[in-house]
Colleague: 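One structure, as structure tokens, below. Some questions next.
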Amino acid sequence: MKKKVISFFKKHSTKAYKSKELAEKLNITTEYEYSSLKSVLYNLSMENFLLRTGKKYRLNRPSGSNKITGILNINAAGYGFVISKNLKMGDVFIAARNLGTAFNGDTVEVSLFAKQKGKNIRVIERNKKEIVGTLKKSKSFYFIEPNDPKIHRDIYIDKSALNKAKVGDKVVVDKLFWNSSLLNPEGRITEVLGKAGSMDAEVISIAREFNLRYKFPDSVTDESGKIDFNLSDIDVKKRLDFRKKNVFTIDPADAKDFDDALSIEKLQNGNFRVGVHIADVGYYVSPNSNIDEE
């Protein structure tokens with residue numbers, strides 16, 4: 001229904017219609033379809049695709065201004081599109097040379113100079129206050145190569161803003177300054193995450209890039225340090241006891257947890273018994289504890 005209504009108003013962009021008039025145009029005859037139509041009209045007006053005047057709806061066409069506001073989405077090939085809630089006629093294409101000082105994801109204002117094409121981008125709000133990347137050095141200056149391939153420019157770093165980071169480190173950059181598309185953006189290093197390529201640095205850099213928390217709260221780590229690993233006789237009697245068997249973990253040395261194990265023993269009849277063991281970690285987590293909530 002929504003696609004049908006949008007298509008109709010694009011073809012009849014200069015006229016206004018009441019819901020009943022539109023129902024006739026779209027050959028809507030049942031109460032169910034008519035109810036669905038009214039719901040679609042309401043939602044499209046809330047999305048600013050349609051303007052409502054009294055009982056009539058018409059296409060919301062930009063008037064008196066050739067500027068729109070939206071979110072910039074930069075393609076890996078270097079060009080971009082501005083996606084606006086106020087313009088449902090299609091995304092506005094931005095050539096690479098017209099991107100100005102905007103990053104991918106920024107909220108921008110763009111001037112239309114042809115059908116579905118824009119230029120003269122003005123940044124209204126930055127999408128990211130920090131950028132994660134790898135510190136590198138040319139002959140005369142330092143720069144950050146961003147993790148995100150859609151961030152299409154390297155970030156220059158003055159020597160005084162290195163914050164003890166070394167070439168090859170994965171770092172976090174803030175205080176971004178960029179007011180000329182003829183120059184690269186500049187920033188300062190606020191945090192060193194570790195050597196690029198190392199597991200810890202890569203995991204943390206991904207978390208920082210997407211604003212994900214990667215450290216446990218103190219309440220959780222404090223509680224985990226107080227876990228009693230001594231088993232009571234009652235708990236032992238409820239389980240098979242493999243402590244005198246050769247049971248070996250199979251998780252690799254760089255695993256985050258060690259909860260999988262195997263055992264093997266030869267039986268008297270010449271057969272082998274293979275045991276697959278999974279650690280019952282939940283046994284040590286009390287319901288409604290800080291660890292449980294985390």
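What you see is a predicted model, and the numbers here were worked out from it, not measured in a lab. Only this structure's heavy atoms are used, side chains among them; waters, hydrogens and symmetry mates stay out.
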Colleague: Would you say that Tyr283 contacts Leu231 through its side chain, given a criterion of any heavy-atom pair below 4.5 Å between the two side chains?
Modeller: yes
Colleague: Asp174 versus Arg188: any side-chain heavy-atom pair under 4.5 Å?
Modeller: yes
Colleague: Examine distances only and state if a side-chain atom of Thr249 and a backbone atom of Asp251 form a donor-acceptor pair shorter than 3.5 Å.
Modeller: no
Colleague: With no hydrogens and no angle check, do the side chains of Asp292 and Ser289 hold a donor and an acceptor under 3.5 Å apart?
Modeller: no
Colleague: Rounded to the nearest 0.5 Å, what separation is found between the NZ atom of Lys25 and the CZ atom of Phe9?
Modeller: 11.5 Å
Colleague: Would you tell me whether Asp158 and Ser160 have side-chain atoms, one donor and one acceptor, within less than 3.5 Å of each other?
Modeller: yes
Colleague: Considering only heavy atoms from C-beta outward, does the side chain of Lys4 approach that of Leu26 to under 4.5 Å?
Modeller: yes
Colleague: So Phe81 and Phe93, would you call those rings parallel, tilted or perpendicular, with 30° and 60° as cut-offs?
Modeller: perpendicular
Colleague: Give a yes or no answer on whether the side chain of Ser84 reaches the backbone of Thr69 with a donor-acceptor pair at less than 3.5 Å.
Modeller: yes
Colleague: With sequence neighbours excluded, what pairs up with Tyr142 under the ring-ring contact (aromatic ring centres under 6.0 Å, His included) test?
Modeller: none
Colleague: Does Arg153 reach the main-chain N or O of Leu183 with its side chain, forming a donor-acceptor pair under 3.5 Å?
Modeller: yes
Colleague: Is there a donor in the side chain of Asn211 and an acceptor in the side chain of Lys128, or the other way round, less than 3.5 Å apart?
Modeller: no
Colleague: Do you know the tightest heavy-atom contact between Val167 and Lys136?
Modeller: CG1-CA, 4.2 Å
Colleague: Could you tell me whether the side chain of Val132 reaches within less than 4.5 Å of the side chain of Ile204, counting heavy atoms only?
Modeller: no
Colleague: Side chains of Tyr34 and Ser19 only: does a donor on one sit below 3.5 Å from an acceptor on the other?
Modeller: yes
Colleague: Please determine if Asp280 and Arg239 form a salt bridge, counting it only when a charged side-chain N lies under 4.0 Å from a carboxylate O.
Modeller: yes
Colleague: Does the pair Arg213/Glu294 count as a salt bridge with the N-to-O cut at 4.0 Å?
Modeller: yes
Colleague: Below 4.0 angstrom, N of the basic side chain to O of the carboxylate: do Lys150 and Asp148 qualify?
Modeller: no
Colleague: Which donor-acceptor pairs under 3.5 Å do the side chains of residues 260-267 make with protein atoms, sequence neighbours left out?
Modeller:
| from | atom 1 | to | atom 2 | distance (Å) |
| --- | --- | --- | --- | --- |
| Ser263 | OG | His277 | NE2 | 2.8 |
| Glu265 | OE1 | Lys245 | NZ | 3.3 |
| Glu265 | OE2 | Arg273 | NH1 | 3.3 |

